[in-house]
Amino acid sequence: MFSGLFRPPKRDLEAGALLAVDVETTGLKPGVHELVSIGWVPINDRVIDLSGAGYCVLSGAHVGDSATVHGVTDDDVARHGIPSAEALQKFLKALESRKLLAHFAQMETGFLGALHKKVFGKTWRVRDEEVVDTMTLERRRMERMGTYPRGEDLRLARVRARHGLPDYGNHNALTDALACAELYLALTVGKAREPSSM
């Protein structure tokens, strides 16, 4: 995922500890578009821990038309938003000792990295082995079965439907983080150890 000479320092990871993460944004390009909300749900030894779930709307985001996708309005931002630095600190605390789990993790690492740079002045990166991507897991599963998926085949809702998981409807960072956590458990049922990441 990351090239060049830079190698981020290793973190001490707890076995079986992951943090399912989702972000909602005003577009697809970190550094160009804005981060609107972050949601996360921990997994401990293949058990989803809703008591550790978290959700933040970031103050100062200009939502505009993107509200039609994620449902967070400019009014929500004004009333419920918290400063970027506070939201980032909450997320980083939740991530301590855990692998990051996401569906198309490049989105989460890109936007969270851009936020880290904005808040702390340096880019936040995670090592490849510290990231588990359910989209990659599903693509590999389908390829092993001789099916070569198109982009739409790998969307979170469509993958969940293939595995018999319920439809949660519209995008929300916390709901999508939970949806990703459930999908991860469905994809890894019966596996003795956690599969490798991207």
Side-chain angles (χ1 to χ4, degrees), residues 17-44 48-96 98-119 124 126 130-138 154-161 165-186:
L18 298 99
L19 190 71
V21 181
D22 187 76
V23 298
E24 297 298 336
T25 67
T26 60
L28 300 176
K29 296 180 180 177
V32 175
H33 297 114
E34 295 180 77
L35 185 56
V36 175
S37 61
I38 313 167
W40 60 85
V41 177
I43 300 175
N44 301 315
I48 293 172
D49 177 13
L50 292 178
S51 71
Y55 176 74
C56 298
V57 174
L58 279 67
S59 61
H62 304 288
V63 174
D65 292 342
S66 69
T68 60
V69 176
H70 49 66
V72 179
T73 65
D74 286 314
D75 186 51
D76 293 327
V77 169
R79 289 192 297 138
H80 306 295
I82 64 173
S84 297
E86 184 181 342
L88 182 61
Q89 291 284 15
K90 285 175 181 279
F91 163 73
L92 291 174
K93 182 167 180 50
L95 186 64
E96 283 177 6
R98 298 178 179 276
K99 288 188 177 185
L100 185 149
L101 171 67
H103 194 79
F104 187 55
Q106 182 178 331
M107 186 84 168
E108 279 67 31
T109 57
F111 275 93
L112 290 166
L115 178 62
H116 194 284
K117 188 168 182 66
K118 176 182 169 185
V119 170
W124 170 80
V126 289
E130 296 175 355
V131 177
V132 179
D133 190 333
T134 51
M135 188 174 82
T136 300
L137 294 178
E138 175 67 359
L154 293 171
R155 293 182 73 85
L156 180 59
R158 192 168 289 188
V159 176
R160 283 176 58 84
L165 297 169
D167 180 12
Y168 286 151
N170 291 338
H171 290 285
N172 170 278
L174 180 55
T175 305
D176 284 355
L178 176 59
C180 178
E182 291 174 346
L183 176 60
Y184 170 77
L185 295 181

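Side-chain atoms are counted along with the backbone in the values below, which use heavy atoms only and exclude waters and symmetry mates. Remember, it's a predicted structure, so these values are computed and weren't measured experimentally.
Between Ser37 and Ala173, the shortest heavy-atom distance links the atoms OG-CB, 3.6 Å. A pairwise comparison of heavy atoms in Gly39 and Ala177 identifies O-CB, 3.6 Å as the closest pair. Here the closest heavy-atom approach between residue Ala105 and residue Val131 is recorded as CB-CG1, 3.6 Å. Heavy atoms only, all atoms of each residue included: Leu183 and Leu165 are closest at CA-CD1, 3.8 Å. Considering every non-hydrogen atom in both His103 and Thr134, the closest pair reads ND1-OG1, 2.7 Å. Closest of all the heavy-atom pairs between Ala94 and Trp40 is CB-NE1, 3.3 Å.
Note that CZ of Phe111 is 10.5 Å distant from CD of Glu24, once rounded to the nearest 0.5 Å. Distance check, rounded to the nearest 0.5 Å: CD1 of Ile38 to CG of Leu58 gives 5.0 Å. Taking CG of Asp133 as the start and CE of Met107 as the end, the distance is 12.5 Å to the nearest 0.5 Å. In this structure, CG in Leu18 is found 9.0 Å from CG in Leu185, a value given to the nearest 0.5 Å. One distance of note links CZ of Phe91 with CD of Glu96; it measures 11.0 Å at 0.5 Å rounding. Between the CG atom in Leu178 and the CG atom in Asp22 there is a gap of 11.0 Å [rounded to 0.5 Å].
Between the side chain of Asp49 and the backbone N or O of Ile43 there is no donor-acceptor pair closer than 3.5 Å. For Glu108 (side chain) and Val23 (main-chain N/O), a donor-acceptor pair under 3.5 Å exists by modelled atom type. Panel note: side chain Ser59, backbone Ile82; a donor-acceptor pair is recorded below 3.5 Å.
When side chains are defined from C-beta on, His70 counts as touching Val36, because their heavy atoms get closer than 4.5 Å. Side-chain contact between Lys118 and Leu88 is absent, with no heavy-atom pair separated by less than 4.5 Å.
When each of Val132, Val159, Leu101 is checked for a side chain to side chain contact (heavy atoms under 4.5 Å, CB included) with Cys180, only Leu101 meets the rule. Under the side chain to side chain contact (heavy atoms under 4.5 Å, CB included) rule, Cys56 has a single partner from Lys90, Gln89, Glu86, which is Lys90.
Seen from the ring of Tyr168, Arg160 counts as a face-on cation partner, given the 6.0 Å and 45° thresholds.
No donor-acceptor contact under 3.5 angstrom links the side chains of Thr25 and His33, judged on distance only. His171 and Asp176 share a donor-acceptor pair across their side chains, judged by distance under 3.5 Å alone. At a cut-off of 3.5 Å, with distance as the only test, no side-chain donor of Asp75 or Thr73 sits close to an acceptor on the other residue.
When the salt bridge (charged side-chain N to carboxylate O under 4.0 Å, His left out) test is applied to Glu34, no partner is found at least two apart in sequence or on another chain.
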Test side-chain contact (heavy atoms from CB on, under 4.5 Å) on Leu100 and Leu19 and set out the steps. CA-CA 5 Å; Leu100 185 149; Leu19 190 71; 5.9 Å; no

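Ring pair Trp124/His116 is parallel by interplanar angle, where below 30° counts as parallel and above 60° as perpendicular.
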